[in-house]
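Residues: numbered from 1 along the sequence shown. Just the heavy atoms: all of them, side chains too, but no hydrogens, waters or symmetry mates, feed the values below. Computed from a prediction, not measured in an experiment: that's the story for all the values here.
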Amino acid sequence: MAHYHYTASGLANVWLANGYRFVETPYGDAVEIDRVEALHRAIGLAICRKPVTNGRELRYLRTELDLSQGELGKLFGKTDQTIAIWEKGRDVPRWADTLVRALYRERVEGRVKLAEIFSTSEKVIGNSRSTRLTFHKSANGAWTPVTSPVRAAA
């Protein structure tokens with residue numbers, strides 16, 4: 001089965017190996033995703049475990065945290081314009097990247113393992129910004145990343 005390019009997340013590098021189906025609606029064809037909230041949680045956690053995030057991934061985590069650019073800016077002592085600049089493709093400062101990951105993981109996992117978060121943000125593995133994230137829905141309904149990353153086409 002071909003993988004489905006899941007762009008509704010706002011990320012260009014997310015693909016689904018299964019857990020989706022094409023359906024007809026009165027408005028035309030659509031895609032139905034199983035347990036979409038669990039999928040979004042799995043995407044967020046996969047982003048948190050990447051060595052480097054980009055602006056779109058920062059925006060994804062911020063929106064999943066239900067924070068506006070202004071609210072995140074206040075947390076960091078920055079303006080909403082600074083957050084907007086980071087999200088539009090400027091390099092996200094390492095400290096901001098690490099703190100957003102910590103906030104997200106604390107929200108979804110409860111306890112944050114700061115040593116693990118800091119060690120992940122210290123790793124530099126090539127240009128991981130373009131790594132394709134592929135997810136698989138298991139028999140028990142849990143969404144998990146496929147273990148072998150595939151580089152996204154340029």
Side-chain angles (χ1 to χ4, degrees), residues 3-20 31 33-138 140-154:
H3 291 176
Y4 174 69
H5 190 192
Y6 181 60
T7 57
S9 66
L11 300 169
N13 62 335
V14 175
W15 296 79
L16 305 181
N18 64 354
Y20 65 92
V31 176
I33 308 293
D34 295 337
R35 300 188 63 224
V36 72
E37 297 85 11
L39 171 60
H40 281 231
R41 181 180 187 272
I43 293 168
L45 290 172
I47 290 169
C48 288
R49 290 182 175 91
K50 286 180 61 184
V52 178
T53 60
N54 61 38
R56 286 184 179 158
E57 293 165 337
L58 176 74
R59 181 182 64 224
Y60 181 87
L61 295 176
R62 176 184 59 76
T63 57
E64 288 294 307
L65 287 165
D66 200 27
L67 294 173
S68 68
Q69 289 176 334
E71 291 166 331
L72 186 61
K74 282 182 184 177
L75 286 174
F76 290 167
K78 301 291 182 184
T79 66
D80 59 338
Q81 292 302 311
T82 300
I83 305 303
I85 289 168
W86 293 344
E87 291 180 357
K88 287 181 181 165
R90 293 265 176 94
D91 287 334
V92 178
R94 178 173 276 167
W95 64 266
D97 177 31
T98 302
L99 287 174
V100 169
R101 292 170 195 243
L103 286 170
Y104 183 82
R105 288 190 60 189
E106 196 251 345
R107 169 81 55 89
V108 301
E109 294 179 324
R111 289 184 7 176
V112 179
K113 298 172 183 144
L114 289 176
E116 181 185 324
I117 292 169
F118 283 108
S119 70
T120 300
S121 69
E122 290 296 318
K123 295 176 187 172
V124 178
I125 304 173
N127 182 5
S128 62
R129 294 169 194 222
S130 62
T131 300
R132 180 168 148 174
L133 301 174
T134 303
F135 295 85
H136 177 270
K137 186 173 153 273
S138 66
N140 70 1
W143 284 97
T144 57
V146 174
T147 56
S148 57
V150 176
R151 299 299 259 172

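Contact of the Thr82 side chain with the Phe76 side chain is not registered, since no non-hydrogen atoms from C-beta on lie closer than 4.5 Å. With contacts defined as side-chain heavy-atom distances shorter than 4.5 Å, the pair Arg94/Val52 does not qualify. Counting only heavy atoms from C-beta outward, the side chains of His136 and Trp143 never approach each other to under 4.5 Å. Between Arg41 and Tyr104 there is a side-chain heavy-atom pair separated by less than 4.5 Å. For the pair Tyr6 and Leu11, the minimum side-chain heavy-atom distance is 4.5 Å or more. Between Asn18 and Asp34, every side-chain heavy-atom pair lies at or beyond the 4.5 Å cut-off. Residues Leu16 and Leu39 have side chains in contact (heavy-atom distance under 4.5 Å, counting atoms from C-beta outward).
Contact between Tyr60 and His40 at its shortest, heavy atoms only, is OH-O, 2.9 Å. Residues Ala46 and Phe135 share a closest heavy-atom pair of CB-CZ, 3.8 Å. For the pair Leu65 and Leu103, the tightest heavy-atom approach, listed with the atom from each and the gap, is CD2-O, 3.8 Å. Nearest heavy-atom pair, Glu57 versus Ile47, reported as atom, atom and distance to 0.1 Å: CB-CG2, 3.8 Å. Across every non-hydrogen atom of Ala12 and Arg56, the tightest pair is CB-NH1, 3.8 Å.
Put simply, the residue from Thr63, Thr79, Asp80 that forms a side chain to side chain contact (heavy atoms under 4.5 Å, CB included) with Gln69 is Asp80.
Rounding to the nearest 0.5 Å gives a distance of 10.5 Å between CD of Glu64 and CG of Leu45. Here Leu61 contributes atom CG and Leu99 contributes atom CG; the two are 12.5 Å apart, rounded to the nearest 0.5 Å. Between the OG1 atom of Thr53 and the CG atom of Leu58 there is a distance of 6.0 Å, given to the nearest 0.5 Å. Separation of atoms NZ (Lys88) and CG (Asn54) is listed at 15.0 Å; rounding is to 0.5 Å. A distance of 8.5 Å separates CD1 in Ile83 from NZ in Lys78, rounded to the nearest 0.5 Å.
The side-chain hydrogen bond (donor to acceptor under 3.5 Å, both in side chains) test applied to Arg62 returns Glu87, not counting sequence neighbours.
Relative orientation of the Trp86 and Trp95 rings is perpendicular, given thresholds of 30° and 60° on the angle between their planes.
In this structure, Ser138 contributes its side chain and Ala142 its backbone to a donor-acceptor pair below 3.5 Å.
In this structure, Glu109 pairs ionically with Arg49, as a charged nitrogen and a carboxylate oxygen lie closer than 4.0 Å.
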* Under the side-chain contact (heavy atoms from CB on, under 4.5 Å) rule, what do Thr7 and Val14 come out as? Steps first, then yes or no, please. => CA-CA 7 Å; Thr7 57; Val14 175; over 6 Å; no

